[in-house]
Peer 1: 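My questions all concern the structure below.
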Protein chains: 2
Amino acid sequence: MLEILECGGCIEPAHFFTLMRRTFRIAHLLYLEAEPYPDELKICRLHHTFGAYAAELYLTRGLYRIDPILKLALGGVRPVEWTTARHRFPECEPLFKTAEEIGLSSEGVALPLPSPAGRMALLAINVNMSAAEWSIYRRNHLRDFQLAANLFHAGMLENAAMTGGLNTREMRLTGRETEVLTWSAAGKSYWEIATILGISERTVRFFMTNARRKLNVVSNTQAVAQAVRHALIPTV
Amino acid sequence: MLEILECGGCIEPAHFFTLMRRTFRIAHLLYLEAEPYPDELKICRLHHTFGAYAAELYLTRGLYRIDPILKLALGGVRPVEWTTARHRFPECEPLFKTAEEIGLSSEGVALPLPSPAGRMALLAINVNMSAAEWSIYRRNHLRDFQLAANLFHAGMLENAAMTGGLNTREMRLTGRETEVLTWSAAGKSYWEIATILGISERTVRFFMTNARRKLNVVSNTQAVAQAVRHALIPTV
DNA sequence: GACGAAACTGTCGGTAGTGACAGTTCCGGA
DNA sequence: TCCGGAACTGTCACTACCGACAGTTTCGTC
């Protein structure tokens with residue numbers, strides 16, 4: 001199975017999920033790719049096997065706001081054990097209560113996945129077994145999950161790069177736009193940037209305006225925040 | 001071994017490398033964390049077992065500029081096979097020639113690792129076996145390498161977050177300072193932030209001024225850039 | 001040669017940010 | 001009890017930013 005993934009043969013989420021469930025004792029899978037924003041999370045891609053009803057409950061009850069797995073997996077690097085997350089964040093009980101209501105297990109693990117340009121992704125794996133069983137199973141197969149997740153994610157990213165680069169094309173900053181943003185992030189004023197780059201102050205403003213438009217923000221401050229978050233400008 | 005890593009018991013690179021070489025048939029390891037710049041690469045952390053002579057050759061001969069493994073692993077998600085990279089980039093022959101000169105094998109794999117804030121990292125694994133042997137060995141143990149790499153990387157990042165507390169102590173922001181910075185990073189004006197927080201505009205400016213002073217910067221834009229970079233304000 | 005993308009420039013009027021002046025209130029620790 | 005830190009507020013003058021107006025030039029690709 002891992003060979004199939006490595007050769008890029010599996011870019012269809014449904015196919016990958018089926019393969020995973022057939023190969024391992026997995027109940028459900030969820031793949032999420034998102035962009036972190038100041039006040040929310042912009043979901044770029046979402047595939048899962050939990051079904052429409054579970055998804056509806058998750059959304060209508062606002063469970064995504066308390067989901068500790070999202071916070072931990074999208075912010076970190078280490079695999080996130082569901083039960084560990086549950087114990088560390090008591091306020092997320094409604095989430096697990098809801099899961100139990102509709103007959104979903106609370107055992108599982110979420111694997112953070114690397115993404116370029118500040119995006120984050122995760123593959124969550126839900127199993128239907130006792131805690132003891134899961135502990136052993138996890139020890140044996142976490143490495144398989146991790147590699148499979150990485151390869152699948154790589155396939156998804158490559159596929160996205162192939163088919164729809166519209167996001168990347170829109171958001172791509174030109175050389176000058178990157179430069180003025182970088183200097184602005186360094187605390188320079190328009191006049192200073194103009195002097196540094198040897199161009200007129202008006203031109204600096206022109207580049208900054210274009211950068212703001214491309215980043216879809218309303219102020220230089222917000223533009224710089226976005227640029228730093230998405231690694232569009234170098235860190236000093 | 002993987003359990004040791006998962007419990008965060010191995011944060012010393014030398015220790016991890018020894019453990020890896022003892023557990024697997026690995027000749028050399030290299031861990032690199034870097035920040036991608038438009039035209040160059042800023043190395044944040046580098047640990048390896050290739051020895052000083054190899055490192056010197058690598059630097060003096062400028063091999064880092066043609067190294068395809070750096071490009072592929074720091075830009076992608078998929079594990080990079082050394083021989084594949086070699087065939088795809090004929091201009092990197094000097095690199096492998098140099099490796100052979102000093103008795104290093106050309107078989108290996110580089111694993112990209114996720115990092116927050118736009119940084120990239122990789123763990124390169126070099127083995128001393130024939131192509132056929134490596135092919136089989138790799139099939140069996142790539143998943144182990146991937147998981148071990150991820151866990152080690154997680155440990156490194158967590159450790160960095162711990163020890164880098166000297167900045168945090170000096171730069172510690174109060175609750176309100178963090179709030180106003182967060183809203184400013186979201187593109188809100190003083191008036192808007194004042195309305196949101198239910199305080200006067202003057203007070204927002206007061207907090208912002210304090211934040212600027214603590215961060216030792218001259219503008220709100222620079223303060224937000226610093227705050228985002230140092231993760232002083234929430235990303236999500 | 002046409003075309004688009006990037007780099008570049010000028011002016012005006014309004015709004016937002018910045019520093020410096022000078023305060024009050026509340027709370028927890030020495 | 002005193003003290004420091006955090007939260008909070010007012011006013012003034014200056015500077016920086018920002019949107020909308022309307023352009024030129026240069027470069028590489030088709």
Peer 1: Could you check how far CE of B:M208 sits from P of C:dG19, rounded to whole Å?
Peer 2: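 Rounded to whole Å, this separation is 12 Å.
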
Peer 1: In terms of the angle between their ring planes, are B:Y31 and B:H47 parallel, tilted or perpendicular, with boundaries placed at 30° and 60°?
Peer 2: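 Parallel.
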
Peer 1: Where each residue is assigned the nucleotide of DNA chain C containing its nearest heavy atom, which of A:F206 and B:S219 is assigned the position nearer the 5′ end?
Peer 2: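 Per heavy-atom nearest nucleotide, the more 5' residue is A:F206.
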
Peer 1: Nearest 0.5 Å, what's the CZ-CD distance between B:F207 and B:E179?
Peer 2: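 Rounded to the nearest 0.5 Å, the CZ-CD separation comes to 8.5 Å.
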
Peer 1: Hey, what do you get for CD (A:E100) to OG (A:S106), rounding to the nearest 0.5 Å?
Peer 2: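 A:E100 CD to A:S106 OG: 4.5 Å, rounded to 0.5 Å.
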
Peer 1: Would one find a side-chain N or O of A:T174 under 4.0 angstrom from OP1 or OP2 of C:dA7?
Peer 2: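 Answer yes for this pair, as a side-chain N or O of A:T174 is under 4.0 Å from OP1 or OP2.
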
Peer 1: If only side-chain N and O atoms of B:T203 are considered, is one of them under 4.0 Å from the OP1 or OP2 phosphate oxygen of D:dA7?
Peer 2: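 Checking B:T203 against D:dA7: no side-chain N or O falls below 4.0 Å of OP1 or OP2.
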
Peer 1: For A:R213, give me all partners under salt bridge (charged side-chain N to carboxylate O under 4.0 Å, His left out), at least two apart in sequence or on another chain.
Peer 2: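 Expected list: none.
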
Peer 1: Sort me out a list of protein N/O and nucleotides 10-16 of chain D N/O pairs below 3.5 Å, or just none if empty.
Peer 2:
residue	atom	partner	partner atom	Å
D:dG10	N7	B:R202	NE	3.2
D:dG10	O6	B:R202	NE	2.9
D:dG10	O6	B:R202	NH2	2.9
D:dT11	O4	B:R202	NE	3.1

Peer 1: How close or far is atom C1' of C:dA5 from atom CZ of A:F207, stated in whole angstroms?
Peer 2: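 Rounding to the nearest Å, CZ of A:F207 and C1' of C:dA5 are 12 Å apart.
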
Peer 1: Working to the nearest 0.5 angstrom, can you tell me the gap between A:R86 CZ and A:I69 CD1?
Peer 2: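 Output value for this atom pair is 10.0 Å.
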
Peer 1: Are side-chain N/O atoms of A:S219 and A:R212 paired as donor and acceptor at under 3.5 Å?
Peer 2: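 No - no donor-acceptor pair under 3.5 Å links their side chains.
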
Peer 1: Can you name the closest pair of heavy atoms from A:P79 and A:L111 and give their distance?
Peer 2: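 Closest pair (atom of A:P79, atom of A:L111, distance): CB-CD2, 3.7 Å.
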
Peer 1: Could you go through nucleotides 26-30 of chain C and list every protein N or O atom that sits under 3.5 Å from one of its N or O atoms, giving the distance for each pair?
Peer 2:
none

Peer 1: At under 4.0 Å, does any side-chain N or O of B:R212 touch on OP1 or OP2 of C:dT18?
Peer 2: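 Checking C:dT18 against B:R212, a side-chain N or O does come within under 4.0 Å of OP1 or OP2.
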
Peer 1: Identify whether any heavy atom of A:N210 sits under 4.0 Å from a base atom; if not, whether one sits that close to sugar-phosphate; answer base, sugar-phosphate or nothing.
Peer 2: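 No contact at all - A:N210 keeps every heavy atom at 4.0 Å or more from the nucleic acid.
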
Peer 1: Could you check whether any side-chain heavy atom of A:N220 comes within less than 4.5 Å of a side-chain heavy atom of A:Y190, counting everything from C-beta outward?
Peer 2: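 A:N220 vs A:Y190: side chains touch.
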
Peer 1: Check every strand shown and say whether B:T209 touches a base, only sugar-phosphate, or nothing at a heavy-atom separation below 4.0 Å.
Peer 2: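 It contacts nothing in the nucleic acid.
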
